Amino acid sequence: MAIASVAHTGPAAPPPVPPGRRRSLTPYLLLLPGIAWLTIFFVVPIVTLFGTSLQVPAEGGETGVFVQAFRFANYVDAVTEYWAQFSRSFVYAGIATVLALAIGYPLAYMIAFKAGKLRNLLLVLVVAPFFASFILRTIAWRQILADEGFVVSSLKWLHVIPQTATVTASAVAVVAGITYNFLPFMTLPLYASLERIDPRLLEAGSDLYGNGFTVFRKVTFPLSLPGVVAGTLLTFIPAAGDYVNAALLGRQPGTAMIGNVVESRFFRIVDYPTAASLSFVLMAAILVLVFLYIRKAGTEELV
Amino acid sequence: MADDTGGDLHLRDVTKSFGTFTAVDDLTLTIPQGSFFALLGPSGCGKTTTLRMIAGLEEPTAGSITLGERDITHAKPYKRPVNTVFQNYALFPHLDIYENVAFGLRRRRAKDVDKQVMEALALVELPHLARRKPGQLSGGQQQRIALARAVVNRPHVLLLDEPLGALDLKLRRQMQIELKRIQTEVGLTFVHVTHDQEEAMTMADTVAVMNNGRIEQMGAPSELYEAPSTTFVANFLGQSNLVTGRRIAADAEAVTVLCHGQTLHVPVSRCGTEDVDVLLGVRPEKIHLGGEAQEVAAGLNSFAGGIVSDASFMGVSTQYLVRLPWGQDLTVFAQNRGIGEQYPVGSRVTLSWEPAHTFALAGDATAGVESDVAVPVG
Amino acid sequence: MTTTVTTPGGTAGPRAARPAPSAPALLRARRWLGRNALRIYGAVAFAYLFTPIAYITVFSFNDGGRSNLVWRGFTLKNWANPCGAPEVCSAVGNSLKIGITATLIATVLGTMVAFALGRHRFRGRTATNLVLFLPMATPEVVLAASLLTLFLQLAPIGIQLGVTTIVIAHVMFCLSFVVVTVKARIAGLDPRLEQAAADLYATEWQAFRRITLPLVAPGIAGGALLAFSLSFDDFIITNFVSGNVNTFPKFVYVSAQRGIPAQAYVIGAFMFFLALTIVLVADIVRRRRAPK
């Protein structure tokens, strides 16, 4: 009967035609408030940020007063001075992204293919840590991994790490914190693309003499690529701009990332032009990377 | 809507284009009130677009649609006395069955909603499912609810868009009979769109065969089958054997055609072309298969010197492929009545049939040949 | 392969002499491990995900005073009186007020944009998608810095950093997420349902009100929940545009230097368990409604 019903569904149904509405004002009215909000509070600020990045301190003025001078050399100064923090941001974010992928992929795979009835529950549990404050979770890690704390002392006692090692206020702690905090951003899109894979494709793969690993490499992984692209971007972008992990788990200035510099230039040193040019360079660098990455991965559909 | 007078549905010179593609091309059609009308054609022939224009879901690029005296060409879908049974049913998943059926009545603020809904559910024999959600119903049940939801509004025209397409074969047969019963009971005009020739022929009073946005032929099912007027219809509706020939003579009653050295006759009324080059057609079940030595009765059309190249036993009948001396294979259905001979592959046979079962056409012998169309059995 | 030189008798002997049941038992254990490796991995991964949550929950019961760094004994008094540390409560109050306002605005505006994208054809679709995508592809610190430069330039006309500027910022970064969530739901909707409604005498407004809106509602609710959790938990942008207004994440960050009161842990644990309960209850209700 199953075969009969498949055979007799006839020629494929024509794709549902979206309602053939003529051009009207309705879509523009619907778009207006939202897009206006984004224009005024996203596009315009980016322009003012660019404007600010070219300013110089006012002659003989007090702190925090700047005048427009179109000084593009601000960018050269900023990048030269904070080259270390820039590269650190990208290296930390890159390592954390790779780690999150390594941890998140098997987790997403397990939920998609092995969880059975628990699937929805486990999915909720992946997101659940989000709801306990991001800052609190980071501080909890600081306490848990404290050098005098239980975990580090046990590891030392077991000689897993050298007796002289410190975890507190190290680059390792910062990268670990970033990895932890953005893991759900990696796991969810991975799950979404793995879940869409028809298990029959995997069976067909093994039926055609692929062993477990070959099936994974030739069928599962390529099909989950959109999830890998989305997950790595959703992890890498916020990670590169993050300064909370570096501030709470790291040590200044040794593990400072570019976000920390922007923050201190704004609030402690009150040097808006430098902060603005740093932000602008960060945004441009990330957009270029994202663009190249998407081109390379061949996935246009992100949103 | 009860306040309208109803009447026949007229489509006049209706054209619908999507960009450069013309889906429906200058279509003129009258569907009499109370008839069961089928629009039959392969996918992409424009039948669904025609239906959507009658429903008001598409607007014609040119032409007019009137229902009785009323021009509905540009009326909004919710302002026409026309309802649709959608392909895949389009039942509202968040409303229960009762509310699905009551939907149209409530929009028009009808009285006696409860009575009418229960009557409609009784008509499709599912009143016990009133409080279920569509997701809890089987395909066949959903199909009936979609029908009840449309019929309850007593539209002047009920449109059915491949309503049985998603059902399996057995259920389809059952629903065909059911639909026909309901149509007779409520007396509405049914316009049924389908690509299944058997479905169209079983249910409809009138069938219009569509191809490339135009109607190829329209008429009663038996008329279309026995006397197709184009090769497309001959091939799309059932199977046909078409053999090329030349007209050599004609009198008041019959046309004489020379086919590969054999003289054959076609009644003038069944000759659809004035050309010299014709395609001579005969349905496979009309052909009698005889042994090489058997005498062909006088007055019959016949081809001698055939060799059985394939014989498939199909239960009620056997389908033979007979290779003729000029290399063409003709199909022959022989009823398995237990009398008459069986011809194994390789047998030499003679084919014969009544001139009255012959038809002559112009055009392309392969138009409308669909390899996946089921051969009617028995 | 390179280390053993085998003679037929030499290896066969000892192997055959092994106690028979032990080999299958070992094999069974290995097979079991092979089958369940992923599940075991999952358990470990979840333990990792929940370690800080466990820490937060445990220390919300700590009789630890102001700093709450070392375990000093179990107490319920933090839970009984979360306002025992007054700044905690006022910060949470601000966060709730900001979160609810920003969620309402972002959900309404985002849903409108999603409908425009999902149900209409219009010029400028690419530009619209770009304006929606860019805020999601821009690091928070850049959004924060750019908004701050705008607000600083507007200071002369009376724009003060505070609750209003925080709400403005939160709506801005939540909007795109609401659009994406609602749009996905609209895309999954069969357009024939709306056509069926129109066919059954529903005007455009009635079809929207009775069919489209109820069917898209779960997507809108999801978008709102996402917006609220993003807003409630946001630190980086809030920190830049809040002036001297305190929110919960900002309070925790600032007090991290001198020690976080246990009441903050109570709030963290409470939000976690509340959210978990809401999601689980919603899931159970959904399953009850659509048994199949």
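Computed from heavy atoms alone, side chains included, the values below leave out hydrogens, waters and symmetry copies. Naming convention: chains lettered A, B, ... in sequence-line order (proteins, then strands); numbering from 1 in each chain. It should be emphasised that the depicted structure is a prediction, and the values quoted were computed from it without experimental measurement.
Both the backbone and the side chain of C/Ile236 come within less than 4.5 Å of a heavy atom in chain A. For C/Leu274, no part lies near chain A; criterion is any non-hydrogen pair under 4.5 Å. Only the side chain of A/Ile111 comes within contact range of chain C, with at least one heavy atom under 4.5 Å from a heavy atom of that chain. Residue contact with chain A, scored on non-hydrogen atoms closer than 4.5 Å, involves the backbone and the side chain of C/Thr51 alike. When heavy atoms are compared at a cutoff of 4.5 Å, C/Ala145 approaches chain A by way of both its backbone and its side chain. Using a 4.5 Å cut-off between heavy atoms, C/Leu175 contacts chain A through its side chain alone, with no backbone atom that close. Looking at A/Phe41, the atoms closer than 4.5 Å to chain C (heavy atoms on both sides) sit in the backbone and in the side chain alike. Only the side chain of C/Ile53 comes within contact range of chain A, judged by heavy atoms closer than 4.5 Å. When heavy atoms are compared at a cutoff of 4.5 Å, A/Val126 approaches chain C by way of both its backbone and its side chain. C/Val113 touches chain A through backbone and side chain together, each having a heavy atom under 4.5 Å away. Heavy atoms closer than 4.5 Å to chain C are found nowhere in A/Phe50, neither backbone nor side chain. Looking at A/Ile139, the atoms closer than 4.5 Å to chain C (heavy atoms on both sides) all sit in the side chain, from C-beta outward. Within the 4.5 angstrom heavy-atom criterion, atoms from both the backbone and the side chain of C/Leu132 approach chain A. Looking at A/Ile103, the atoms closer than 4.5 Å to chain C (heavy atoms on both sides) sit in the backbone and in the side chain alike. Within the 4.5 angstrom heavy-atom criterion, no atom of C/Val108 approaches chain A. For A/Pro238, no part lies under 4.5 angstrom from a heavy atom of chain C. Only the side chain of C/Gln153 comes within contact range of chain A, with heavy atoms under 4.5 Å apart. Both the backbone and the side chain of C/Tyr48 come within contact range of chain A, each with at least one heavy atom under 4.5 Å from a heavy atom of that chain. With a 4.5 angstrom heavy-atom cutoff, A/Leu136 touches chain C via backbone and side-chain atoms both. With a 4.5 angstrom heavy-atom cutoff, A/Leu29 touches chain C only via backbone atoms. A/Leu278 does not touch chain C: none of its heavy atoms, backbone or side chain, sits under 4.5 Å away. For A/Ala275, no part sits under 4.5 Å from any heavy atom of chain C, backbone or side chain.
Between chain A and the options C/Met112, C/Arg39, C/Glu140, heavy-atom pairs under 4.5 Å are most frequent for C/Met112. Contacts with chain A were tallied for C/Thr111, C/Ile168, C/Leu148, C/Val131; C/Ile168 has the most, counting heavy-atom pairs under 4.5 Å. With respect to chain A, the highest number of heavy-atom pairs below 4.5 Å among C/Val178, C/Thr57, C/Leu152, C/Val171 belongs to C/Val171. With chain C as partner, the option from A/Ile46, A/Leu125, A/Val124 having the largest number of non-hydrogen pairs under 4.5 angstrom is A/Leu125. Comparing A/Val127, A/Ile286, A/Leu122 by heavy-atom pairs within less than 4.5 Å of chain C, the highest count is held by A/Leu122. Across A/Ile35, A/Leu248, A/Ile40, the residue that shares the most heavy-atom pairs under 4.5 angstrom with chain C is A/Leu248. Of the listed residues (C/Ala45, C/Ala256, C/Ala106), the greatest number of heavy-atom pairs within a distance under 4.5 Å of chain A belongs to C/Ala256. Each of C/Gly110, C/Gly124, C/Ala275 has some count of heavy-atom pairs under 4.5 Å with chain A, and the biggest count is that of C/Ala275. Ranked by non-hydrogen atom pairs under 4.5 Å with chain A, the options C/Thr128, C/Asn36, C/Val279, C/Ile56 are led by C/Ile56.
With hydrogens and angles ignored, the 3.5 Å screen pairs a side-chain donor or acceptor of A/Gln68 with a backbone N or O of A/Gly51.
Of the listed residues (C/Phe251, C/Tyr253, C/Phe240, C/Phe248), just one forms a ring-ring contact (aromatic ring centres under 6.0 Å, His included) with C/Phe235, and that residue is C/Tyr253.
Using modelled atom types and a 3.5 Å distance limit, the side chains of A/Arg196 and A/Tyr191 yield no donor-acceptor pair. A/Asp271 and A/Thr274 are linked by a side-chain donor-acceptor pair at a separation below 3.5 angstrom, with hydrogens and angles left out of the test. Donor-acceptor pairing under 3.5 Å is lacking for the side chains of A/Ser24 and C/His120. A donor atom on one side chain and an acceptor atom on the other are not found under 3.5 Å apart for A/Tyr272 and A/Ser53. Donor-acceptor pairing under 3.5 Å is lacking for the side chains of C/Asp233 and C/Ser229. Side-chain N/O atoms of A/Tyr243 and C/Asn239 include a donor and acceptor closer than 3.5 Å.
Rounded to the nearest 0.5 angstrom, A/Leu234 CG and A/Met186 CE are separated by 9.0 Å. Residue C/Thr165 holds its OG1 atom at 10.5 Å from CG of C/Leu150, rounded to the nearest 0.5 Å. Here CZ of C/Phe133 is found 8.5 Å from OG1 of C/Thr138. Values are rounded to the nearest 0.5 Å.
Taking a 6.0 Å sphere around CZ of A/Phe267, one finds it holds more than 12 heavy atoms contributed by other residues, nucleotides or ligands. Heavy atoms of other residues, nucleotides or ligands lying less than 6.0 angstrom from CZ of C/Phe270 number 12 at most.
Ring pair A/Tyr109/A/Phe113: centre-to-centre distance below 6.0 Å. In summary, the aromatic rings of A/Phe216 and A/Tyr105 are positioned with their centroids under 6.0 Å apart. Centroid-to-centroid, the aromatic rings of A/Phe130 and C/Phe272 stay 6.0 Å apart or farther. Aromatic pair A/Trp141/A/Phe134: centroids not less than 6.0 angstrom apart.
In this structure, C/Phe115 and C/Phe208 have perpendicular ring planes: the angle between them is above 60°, well past the 30° mark.
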